[in-house]
A.B. asks: 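Before anything else, here's the structure in question.
Predicted model only: the values in this text are computed from it and were never measured. Every chain is numbered from 1, with letters handed out A, B, ... down the list of sequences.
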Number of protein chains: 2
Amino acid sequence: MLSGVPSTTRARSGADPVTAAAPTARRAGLERVDVVDAALGIVEAEGADALSMRRLASELGVTTTTIYWHVGNREQLVVAVVERMAERLGAAPIRGRRAQQRVHSAAVNIWRSAIGHRNVTALASSIGATTLLELPLEVALLAELERAGVRGTRARDALASVLACVAGFLITAWRPPEDRPEGLRPSQIWSAVEDARVSRSTVRAVAGGTDLDRLAERTLLAVVADYVPADGADEER
Amino acid sequence: MLSGVPSTTRARSGADPVTAAAPTARRAGLERVDVVDAALGIVEAEGADALSMRRLASELGVTTTTIYWHVGNREQLVVAVVERMAERLGAAPIRGRRAQQRVHSAAVNIWRSAIGHRNVTALASSIGATTLLELPLEVALLAELERAGVRGTRARDALASVLACVAGFLITAWRPPEDRPEGLRPSQIWSAVEDARVSRSTVRAVAGGTDLDRLAERTLLAVVADYVPADGADEER
DNA sequence: ACCTGAACACCGTTCAAGT
DNA sequence: ACCTGAACACCGTTCAAGT
């Protein structure tokens, strides 16, 4: 038999036409991009925690060390996965005419992108690389801030505030109350609260939970309004 | 020799005075509270990730299975650690006279408590149990919201917004740019950005980083102001 | 250049057994 | 009631070796 070498492009260098001996460590035909794609697939399908070097290796029918040869180590793999996702994430359109509307729209774009790809965002967040993922969206936000007359350190602060809010709403969205362990669900904790200073109806409302998407967008508007006023057209100030 | 049993209170039940044979699995004198305290110590000293069942066991000079006997499993241990910390965290005083000031003060108290004990907060967050840690501070915030005339679902939303912001600023504070891997530091990423829509000075400012504490308190004020107006004394509305 | 096998130092968890 | 020892099924990572 002529060995089961996969049909990738052969004849890389000046290879002599020796008939190959029975290979024990034979070529798998893997390339770095295949490894990264497989990793991205695992993360999107099963979450950031499901990505392990061994799991990835077995998925590709290869040894763990092969993964290391291609990508270095886990962190470098994660960076590559995040960069790969970033390529796909084009800049979303910004809506509105007035300055505040447009800045808010750019902020909401970051939020929607983050929940839209929450698994990869969680992965990026685990190594502190969310900026790598959403850089074009962050630049777009800065651009709208500039148009609204907010620049320099004020623009930097506005961006940081928006990103913090997005991150905050994300982590509450990652762990929905349903799959929290018994006794840790907010509904249970709050239903046991009795305090003379707080009315029953408020406590009941808190125990009930809220619509995260709506609240995130509202909160982002409040944050944005702190940097660019509602009356709008004060470009160049 | 009379065995090296620790000097805890003996004579639990009606024990017959038999001289103990050479003990292979002898009593360690451990109690659940000792396990939880040791775990809290590890977390405070070395962070949430440093807490492992094996590490904890060896710290206590005991087998891993002993830890399981006392606390159940890792998650239950974490809950116990968080509850233990919660006991220590008394309610912080609220400052200001006007309603918005007081609500903001209550929100800032949550933020300060969280960064003040960031390791335990990170541990609580890892199982979605931050409410368990800061419940009294959250109740205090609700109380101030009620005093300001914000109740029911509006109070619930205000609380959720504040908690999201606190969580967001926390996770950016957890992983300071300094100990991020080469090439992932915002300063490096941003210094490579060139975009016609954004001025150089703004990009430079973003690359520079900001004062998180100041910004967190400012952002919390913006969020609070969205629910309780600045003019203040509209109690009961 | 590309890949395997064995090994090291970790994890959380369970189970039977000892006193 | 309290604790040990062995085991199972996982991790990330490295190193020497094979073709």
Side-chain angles (χ1 to χ4, degrees), chain A residues 2-6 8-35 39 42 46 48-78 126-127 181, chain B residues 3-6 8-35 39 42 46 48-79 126-127 181:
Chain A
L2 272 181
S3 80
V5 177
T8 49
T9 55
R10 303 296 301 283
R12 297 169 181 269
S13 56
D16 40 1
V18 199
T19 37
T24 68
R26 74 181 194 277
R27 212 121 297 187
L30 253 195
E31 302 194 8
R32 191 185 139 94
V33 71
D34 302 320
V35 176
I42 291 175
E46 301 177 45
D49 290 343
L51 178 64
S52 78
M53 306 301 270
R54 296 177 128 95
R55 163 77 189 281
L56 178 56
S58 84
E59 203 105 318
L60 290 166
V62 102
T63 315
T64 309
T65 36
T66 300
I67 306 294
Y68 281 86
W69 194 89
H70 281 289
V71 301
N73 59 29
R74 189 178 192 273
E75 190 169 84
Q76 292 171 39
L77 170 64
V78 170
S126 73
I127 63 162
Chain B
S3 82
V5 178
T8 48
T9 54
R10 303 296 301 282
R12 297 169 180 271
S13 55
D16 40 0
V18 198
T19 36
T24 69
R26 73 180 196 279
R27 213 121 296 188
L30 253 195
E31 301 196 8
R32 191 184 140 95
V33 70
D34 302 321
V35 176
I42 290 175
E46 301 177 43
D49 291 342
L51 180 63
S52 80
M53 306 301 269
R54 296 177 128 95
R55 163 77 190 281
L56 178 58
S58 82
E59 203 105 319
L60 290 167
V62 104
T63 315
T64 309
T65 35
T66 301
I67 306 295
Y68 280 86
W69 193 89
H70 280 289
V71 302
N73 60 25
R74 187 176 193 275
E75 190 168 85
Q76 292 172 39
L77 170 64
V78 169
V79 169
S126 73
I127 63 162

A.B. asks: Return the value, rounded to whole Å, for the distance between atom CD of A:Gln76 and atom C1' of D:dG12.
C.D. replies: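 Taking CD of A:Gln76 and C1' of D:dG12, I get 13 Å after rounding.
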A.B. asks: Tell me which nucleotide among D:dC3, D:dC15, D:dG5 gets nearest to the side chain of A:Thr65.
C.D. replies: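 Given the options D:dC3, D:dC15, D:dG5, the side chain of A:Thr65 is closest to D:dC15.
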A.B. asks: Can you measure A:Asp34 atom CG to C:dC2 atom C1' for me and round it to whole angstrom units?
C.D. replies: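 Distance, rounded to whole Å: 13 Å.
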A.B. asks: Nearest heavy atom decides the nucleotide; on that basis, is A:Arg55 or A:Gly72 closer to the 5' end of DNA chain D?
C.D. replies: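 Of the two residues, A:Arg55 wins.
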A.B. asks: Which whole number of Å gives the distance between the C1' atom of D:dA16 and that of C:dC3?
C.D. replies: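 Each nucleotide's C1' atom is 13 Å from the other's.
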A.B. asks: Between A:Arg55 and A:Glu46, what is the shortest heavy-atom contact and its length?
C.D. replies: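 The answer is NH2-OE2, 2.6 Å.
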A.B. asks: Is there side-chain contact between A:Leu60 and A:Ile67, with heavy atoms separated by less than 4.5 Å?
C.D. replies: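 Yes, side chains in contact.
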A.B. asks: Nearest whole angstrom, please: distance from the P of D:dA16 to the CH2 of A:Trp69.
C.D. replies: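 Atom CH2 in A:Trp69 sits about 18 Å away from atom P in D:dA16.
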A.B. asks: Could you check whether A:Ser52 gets within reach of a base, just the sugar-phosphate, or nothing at all, counting any heavy atom under 4.0 Å?
C.D. replies: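 Counting heavy atoms under 4.0 Å across all strands, the contact made by A:Ser52 is with sugar-phosphate only.
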A.B. asks: Which heavy-atom pair separates A:His70 from A:Leu30 by the least distance, and what is that distance?
C.D. replies: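 Closest pair (atom of A:His70, atom of A:Leu30, distance): CE1-O, 3.3 Å.
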A.B. asks: Taking the side chain of B:Tyr68 as heavy atoms from C-beta outward, which of D:dA6, D:dG12, C:dG12 is closest to it?
C.D. replies: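 From the listed options, C:dG12 comes nearest.
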A.B. asks: Does D:dC10 pair with anything, Watson-Crick or G-U wobble, both distances under 3.5 Å, and if so, with which nucleotide?
C.D. replies: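 None - no nucleotide pairs with D:dC10, as no candidate has both distances under 3.5 Å.
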A.B. asks: Rounded to the nearest angstrom, tell me the gap between atom CE in B:Met53 and atom C1' in C:dA9.
C.D. replies: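 Nearest whole value for this atom pair: 19 Å.
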A.B. asks: Heavy-atom count check: over 12 atoms from other residues, nucleotides or ligands less than 6.0 Å from B:Asp49 CG?
C.D. replies: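 Counting neighbours around CG of B:Asp49, 12 or fewer heavy atoms of other residues, nucleotides or ligands fall under 6.0 Å, so no.
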A.B. asks: Is there a side-chain contact between A:Leu56 and A:Leu77, using heavy atoms and a 4.5 Å cut-off?
C.D. replies: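 With C-beta onward as the side chain, the pair touches.
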A.B. asks: With both distances kept under 3.5 Å, what pairs with C:dA17, Watson-Crick or G-U wobble?
C.D. replies: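 For C:dA17, the partner nucleotide comes out as none, under the 3.5 Å rule.
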A.B. asks: Heavy atom of residues 56-64 of chain A under 4.0 Å from DNA chain C: which residues?
C.D. replies: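 Only A:Val62, A:Thr63 qualify.
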A.B. asks: For B:Arg74 and B:Leu51: C-alpha separation, side-chain torsions, deciding distance, then whether side chain to side chain contact (heavy atoms under 4.5 Å, CB included) applies.
C.D. replies: CA-CA 9 Å; B:Arg74 187 176 193 275; B:Leu51 180 63; 3.9 Å; yes
A.B. asks: Work out which heavy atom in A:Met53 is nearest to a heavy atom in A:Val71; give both atom names and the distance.
C.D. replies: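 Residues A:Met53 and A:Val71, closest heavy atoms: CE-CG2, 4.3 Å.
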A.B. asks: Rounded to whole Å, please give me the gap between CZ in B:Arg74 and C1' in D:dC10.
C.D. replies: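 For the pair B:Arg74 CZ and D:dC10 C1', the rounded distance is 15 Å.
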A.B. asks: Can you check the A:Asp49 CG to D:dC10 P distance for me, whole Å?
C.D. replies: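 Answer to the nearest Å: 15 Å.
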A.B. asks: Pick base, sugar-phosphate or nothing for A:Arg54, based on heavy-atom distances below 4.0 Å to the nucleic acid.
C.D. replies: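 Base contact.
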A.B. asks: Of A:Ala50 and B:His70, whose nearest nucleotide on DNA chain D comes first from the 5' end?
C.D. replies: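 The residue closer to the strand's 5' end, by nearest nucleotide, is B:His70.
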A.B. asks: Taking the minimum atom-to-atom distance to the side chain of B:Asn73, which one of D:dG5, C:dC3, C:dT13 wins?
C.D. replies: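 Nearest nucleotide to the side chain: C:dT13.
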